[in-house]
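Report on one structure; see the data block that follows.
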Amino acid sequence: MQLMCQLKALKMLTLSLCSEKTRCSKALRCLFFSMLLLVIGTLIFYSSLPSWLSHWASFPWLNQFYYTSPQKSISEYFVEYPHEYRFILDEPNRCRKESPFLVLVIPVPPQDRRTRDIIRKTWGNQTTVLGHVVSHFFLLGLSRIGKGTGHPEEKVLNESQQHHDILQSDFLDSYKNLTIKTMVMFQWLSSRCPKASYAMKVDSDMFLNVHKLVGMLLKAPQRLYMTGMVARNALVIRDSNSKWFLPVSAFPESVYPPYSLGLGYVFSLDLTKKILEASSQVKAVYIEDVYVGLCMRHLGFTLTDPPDGGLFMTTVPFLKGNCYWTSVITTILPNSDELLDVWRTYKAEAQSSCCKPACA
Ligand SMILES: *[C@@H]1O[C@H](CO)[C@@H](O)[C@H](O)[C@H]1NC(C)=O
Ligand SMILES: *[C@@H]1O[C@H](CO)[C@@H](O)[C@H](O)[C@H]1NC(C)=O
Ligand SMILES: *[C@@H]1O[C@H](CO)[C@@H](O)[C@H](O)[C@H]1NC(C)=O
């Protein structure tokens with residue numbers, strides 16, 4: 001009713017502005033379109049404002065000022081840790097039997113069998129490198145199906161009996177629970193592999209050059225050491241659409257302490273106990289790599305940059321040399337299927353003049 005009145009008034013106004021019928025309808029149309037444009041413009045402006053402003057995020061004060069968190073409970077940004085989680089699949093004796101120099105732990109969802117098989121055929125199958133033993137383990141939580149039962153699913157149990165490289169803990173495997181996975185990893189390493197020199201948490205979609213990694217570690221500090229792609233002065237993301245959003249109410253600081261990107265970080269085994277100690281004092285935020293950084297800061301430990309800036313790479317560079325894969329330690333791949341091809345290339349490079357002494 002009110003709308004009709006307004007439209008009528010608008011029509012009267014337009015009519016009073018024009019004398020002839022043709023000119024009048026033109027003016028009406030014109031008015032209608034300008035109103036429409038105004039409405040659309042306003043909508044676009046407001047919906048793009050947050051992302052536009054996030055480009056300005058280098059002004060933390062503006063960042064803090066603009067973003068107010070949606071009305072969600074802040075508990076959503078923290079995980080249930082410390083808490084007693086139990087391993088329903090374990091490999092309690094492998095480290096004692098194998099005495100690895102380096103232990104690779106690969107977080108992967110339970111259903112991701114294919115990815116595990118690809119890793120087993122590629123970098124997971126590098127068990128002796130430069131005379132040192134390297135062991136790998138896949139770390140799983142519970143799938144939604146397996147959650148109620150407290151037992152591993154038959155398929156996973158079967159795979160575990162076949163390969164003896166699966167660890168499964170009894171929390172729900174989800175993106176928001178990755179911090180639990182990481183902490184459970186530290187617990188497992190500290191109790192099952194305390195004599196190993198180093199461990200690496202490495203994502204399943206990564207290329208990993210184990211040879212280069214062991215080579216680096218043989219020259220690395222042996223105590224309180226952590227390296228990888230170290231992020232320094234990274235801004236806390238206040239855009240609620242981001243996968244890594246944290247509201248001011250949950251995390252008031254505007255910059256994170258230094259942390260190693262979760263894709264792949266390496267640490268000396270003595271750190272595992274220390275980080276676990278710190279975790280009882282530091283509230284467990286859901287962004288796992290940031291959380292490890294917060295524990296490191298709490299302990300007063302610094303992160304070490306890799307000896308060479310080109311070792312831990314994020315994406316495959318557009319122009320990569322003929323010896324790219326033998327020159328890096330990690331690179332993120334678009335998916336784990338790509339790893340089979342990349343691995344072939346890596347092996348070929350390793351046979352070529354890329355490596356004067358052997359490098360694979
Ligand atoms: C791992 O490498 C060995 C040779 O070193 C080979 O016999 C074995 O089949 C490989 N395993 C897989 C799963 O490819
Ligand atoms: C268990 O693994 C074997 C191969 O090792 C396979 O033949 C069998 O079908 C598997 N069973 C299940 C339930 O996946
Ligand atoms: C995290 O795991 C706990 C324990 O299994 C579960 O209760 C919770 O729902 C999980 N949270 C998410 C967000 O998946």
Side-chain angles (χ1 to χ4, degrees), residues 72-89 94 98 100 104 106-153 156 158-185 187-188 204 207-211 214 240 242-247 250 279 283-288 290-291 336-337 339-344 346-347 350-351 358-360:
K72 284 179 181 170
S73 149
I74 67 159
S75 65
E76 189 172 335
Y77 305 101
F78 297 93
V79 299
E80 221 177 304
Y81 197 87
H83 179 86
E84 286 299 313
Y85 295 103
R86 197 170 60 88
F87 278 94
I88 57 171
L89 280 177
R94 262 192 62 194
E98 296 169 15
L104 304 174
I106 309 126
V108 59
Q111 64 276 15
D112 239 349
R113 166 89 198 230
R114 184 175 162 73
T115 303
R116 291 192 286 274
D117 281 339
I118 292 173
I119 291 171
R120 286 178 183 123
K121 277 187 224 155
T122 55
W123 48 264
N125 198 22
Q126 307 247 285
T127 48
T128 310
V129 177
L130 294 168
H132 293 271
V133 176
V134 180
S135 309
H136 76 265
F137 297 89
F138 295 101
L139 180 53
L140 285 55
L142 291 178
S143 64
R144 289 190 193 272
I145 307 162
K147 191 174 177 285
T149 65
H151 296 288
E153 282 172 72
V156 180
N158 198 352
E159 183 185 340
S160 157
Q161 286 165 350
Q162 201 182 338
H163 295 285
H164 291 285
D165 60 2
I166 293 189
L167 312 171
Q168 188 172 30
S169 179
D170 67 347
F171 63 88
L172 181 65
D173 201 308
S174 67
Y175 182 76
K176 281 274 164 81
N177 265 347
L178 279 184
T179 295
I180 299 180
K181 210 176 232 195
T182 295
M183 297 317 289
V184 154
M185 168 188 78
Q187 270 179 303
W188 187 85
S204 61
F207 163 78
L208 179 66
N209 181 336
V210 188
H211 193 275
V214 171
S240 60
S242 164
K243 193 177 174 189
W244 299 289
F245 170 61
L246 266 184
S279 71
K283 208 161 160 10
V285 65
Y286 78 101
I287 308 175
E288 65 92 16
V290 163
Y291 184 58
S336 42
D337 283 324
L339 182 54
L340 291 172
D341 279 343
V342 165
W343 196 253
R344 244 171 266 133
Y346 163 69
K347 284 288 181 188
Q351 301 295 312
C359 70

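For ligands, and for the atoms within them, numbers begin at 1 and follow the listed sequence. Numbering of residues begins at 1 and proceeds along the displayed sequence.
Near K176, meaning under 4.0 Å from one of its heavy atoms, ligand 3 places the atoms 13 (C). Against a heavy-atom cut-off of under 4.0 Å, L172 is close to the following atoms of ligand 3: 2 (O), 4 (C), 5 (O), 14 (O). Against a heavy-atom cut-off of under 4.0 Å, N125 is close to the following atoms of ligand 1: 1 (C), 2 (O), 3 (C), 8 (C), 10 (C), 11 (N), 12 (C), 14 (O).
The closest donor-acceptor contact from the side chain of Y291 to the backbone of S279 lies under 3.5 Å. No donor-acceptor pair closer than 3.5 Å links the side chain of D165 to the backbone N or O of H136. Judged by distance alone, the side chain of K181 and the main-chain N or O of V108 form a donor-acceptor pair under 3.5 Å.
Residue Y85 has no N or O atom closer than 3.5 Å to an N or O atom of ligand 3. At least one N or O atom of S174 sits closer than 3.5 Å to an N or O atom of ligand 3. Not one N or O of I180 is nearer than 3.5 Å to an N or O of ligand 3, by distance alone.
Protein non-hydrogen atoms do reach within 4.0 Å of atom 2 (O) of ligand 1. For atom 11 (N) of ligand 1, the nearest protein heavy atom is under 4.0 Å away. Note that atom 5 (O) of ligand 1 has no protein non-hydrogen atoms nearby, at separations under 4.0 angstrom.
The nearest heavy-atom contact from the protein to atom 13 (C) of ligand 1 is R120 O, 3.7 Å.
Relative ring orientation between Y286 and Y77 is described as tilted, the plane-to-plane angle lying within the 30° to 60° band. Between F207 and Y346, the ring planes lie perpendicular to each other; the angle is over 60°, past the 30° to 60° tilted range.
Residues forming a side chain to side chain contact (heavy atoms under 4.5 Å, CB included) with E98 (at least two apart in sequence, or on another chain): R94, P100, V133, S135. D117 pairs by the salt bridge (charged side-chain N to carboxylate O under 4.0 Å, His left out) definition with R113, R120, not counting sequence neighbours.
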